[in-house]
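Read through the structure below, which is laid out as structure tokens, and then see the notes.
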Amino acid sequence: MSSAPTREEIARDAKWLAQALDPSAGQVRLVAMDRDSYRAASFLDDRMLQAPVDAQVVPWSEVEAAMDVDDRCDARWIFHIGHVGSTLVSRLLGELPGLLAIREPRLLRDLALSPPIVRERYLPPVAKLMSRVFAEKEVACVKATSFAGEIAPQLVPPGERALFMFATPRNYVASILAGENSVKESHALAAMRADRLRGRGITLPPARRDVELAAIGWACEMTALEAAAEAMPGRRIAWADFDIMLGDMPGELGRIARFFGFQVAEAQVHDVATGPLTARYAKALEHDYSAALRRELIDEATEANRAAIDDSLAMLAREAEKSPLLARALERAGEI
């Protein structure tokens, strides 16, 4: 274990990840990382603490003081609605030269869950914190937790770039129903999602079934992205439907790399996009998972729940008649 880093050490590079924030105490947990540990980590939330790490808790004021007005804030960002391949895309991008992929640091979740008046106290240096890398020509690419889309406008500075990832409501709902853990997650997030939707003037009927919970989840996270895009003039935003990506991963990964401004040879992109990562479960590489298996699971869940899925999407369509935001989300997904 090392001692707490100095301000100069915090500012120097990406070694000291700002992993978690305790807003009430004004403290931040810093975790020592290197390129290999960033590359290996599926998530930089508290699951990373299950293995031995060098972690130091310091006052947030030390981190603020470490960030200079001229520090880089050019990280690229990935926001998403959950269960749409964002971890895979982050892993694939992280295999390209000159890119440091940073996946779901808990600090972003801590900020998203804080009241706005508290959040504003901590947000100013975050873009710079997340833009630290290990070499001058390297660029950070940060994948946030799904509900951090709520604060995308505060995280992405003017002139910078963000990718918004989604799936159609039909595929999203079917993918949630296909996984026991995904259904449990829908139940755990239900109350928070209902509150977030109400904050955008959207009130959907209480869910009676898992399929409706999944549809409400899609509506919540997708309208969060739509609202964020609306509040982000001066930023460059690209949208990606994950299932379309799976139909041409080399072409779509190349499109995203070019959008982010990464100078990578087409052959390198093709090798990464057709390599072994695309046949593994991105959140746990020890498990097999592929585009074909995803399609099979979605098809099975759709067949078993076709009428219920239709009913849940009709519920969204009815609310969209009163909500331009939800109507825009459904239109983007090709549902209206």
Side-chain angles (χ1 to χ4, degrees), residues 42-43 45-47 50 79-90 103-104 106 109 112-113 143-150 165-198 200 202-225 241-243 246 280-319 326 329-330 333 335:
S42 297
F43 305 99
D45 58 17
D46 287 357
R47 282 169 283 191
Q50 294 172 1
F79 299 98
H80 57 97
I81 67 171
H83 304 281
V84 290
S86 59
T87 303
L88 173 61
V89 170
S90 174
R103 285 181 281 277
E104 299 201 16
R106 196 191 106 177
R109 186 189 72 188
L113 292 176
K143 181 183 91 84
T145 305
S146 59
F147 50 81
E150 296 278 0
M165 291 190 64
F166 69 100
T168 67
R170 291 181 183 276
N171 284 352
Y172 177 89
V173 169
S175 69
I176 297 299
L177 297 178
E180 181 181 350
N181 289 336
S182 301
V183 171
K184 290 179 180 178
E185 180 188 63
S186 290
H187 283 269
L189 296 175
M192 181 178 72
R193 282 173 165 166
D195 286 342
R196 290 166 59 203
L197 281 168
R198 280 192 292 271
R200 290 190 280 277
I202 299 171
T203 303
L204 291 164
R208 299 166 299 164
R209 298 174 290 180
D210 292 339
V211 65
E212 292 160 357
L213 269 181
I216 292 170
W218 182 90
C220 177
E221 304 303 343
M222 194 66 179
T223 57
L225 294 189
D241 180 329
F242 181 54
D243 292 296
L246 289 175
R280 314 302 299 175
Y281 184 47
K283 296 177 182 178
L285 294 179
E286 64 272 19
H287 298 301
D288 294 333
Y289 196 77
S290 65
L293 178 56
R294 173 181 167 85
R295 185 72 261 166
E296 180 182 337
L297 293 173
I298 286 175
D299 287 347
E300 288 177 357
T302 299
E303 184 61 29
N305 300 277
R306 190 176 302 277
I309 291 174
D310 287 343
D311 288 346
S312 69
L313 298 193
M315 172 187 68
L316 299 187
R318 288 191 296 272
E319 180 61 25
L326 183 53
L330 289 169
E335 285 294 328

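Worth knowing before you read on, the calculation uses all heavy atoms, side chains too, and leaves out hydrogens, waters and symmetry mates.
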Is Arg200 paired with Glu150 through a side-chain N to carboxylate O contact shorter than 4.0 Å? yes

Atom OG1 in Thr223, atom CZ in Arg196: separation rounded to 0.5 Å? 7.5 Å

Which heavy atom in Val89 sits nearest to a heavy atom in Met165, and how many Å separate them? CG2-CE, 3.7 Å

To the nearest 0.5 Å, tell me how far Arg209 CZ sits from Glu212 CD. 4.5 Å

Taking C-beta and beyond as the side chain, do Met192 and Leu113 meet within less than 4.5 Å on heavy atoms? yes

Taking atom OG of Ser175 and atom CZ of Arg295, what is their separation to the nearest 0.5 Å? 10.0 Å

Determine whether Leu197 and Ile216 make a side-chain contact, defined as any pair of heavy atoms from C-beta on separated by less than 4.5 Å. yes

Side chains of Met222 and Leu330 in contact at under 4.5 Å (non-hydrogen atoms): no

Can you find a heavy atom in the side chain of Ile81 that is under 4.5 Å from one in the side chain of Ser146? no

Within the side chain of Thr145, is there an N or O that forms a donor-acceptor pair under 3.5 Å with the backbone of Ala148? no

To the closest 0.5 Å, what do you measure between CZ (Arg280) and CG (Leu88)? 12.5 Å

State, with a plain yes or no, whether a side-chain heavy atom of Arg193 is found less than 4.5 Å away from one of Glu221. yes

Smallest separation among heavy atoms of Ser42 and Thr87, with atom names: O-CG2, 4.4 Å

Working for side-chain contact (heavy atoms from CB on, under 4.5 Å), residues Arg106 and Phe43: CA-CA 8 Å; Arg106 196 191 106 177; Phe43 305 99; over 6 Å; no

Nearest 0.5 Å, what's the NE2-CD distance between His80 and Glu104? 4.5 Å

Hey, does Asp243 have a side-chain heavy atom less than 4.5 Å from the side chain of Ile298? yes

In a table with atom names and distances, give each donor-acceptor pair under 3.5 Å that connects a side chain of residues 309-317 to protein atoms at least two apart or in another chain.
unit_1: Asp310; atom_1: OD1; unit_2: Arg170; atom_2: NH1; d: 2.8
unit_1: Ser312; atom_1: OG; unit_2: Ile309; atom_2: O; d: 2.8

Closer than 3.5 angstrom, by distance alone: can the side chain of Ser86 be matched with the main-chain N or O of Gly82 as a donor-acceptor pair? no

Can you check whether Ala167's main-chain N or O pairs, donor with acceptor, with Trp218's side chain at less than 3.5 Å? yes

Does His83 reach the side chain of Phe242, with side-chain heavy atoms less than 4.5 Å apart? no

State, to 0.1 Å, how close Tyr172 and Ala214 come at their nearest heavy-atom pair, and which atoms those are. CE2-O, 3.4 Å

For Tyr281, look at atom OH and say whether over 12 heavy atoms of other residues, nucleotides or ligands are found less than 6.0 Å away. no

Rounded at 0.5 Å granularity, tell me how far OG1 in Thr168 sits from CD in Glu335. 6.5 Å

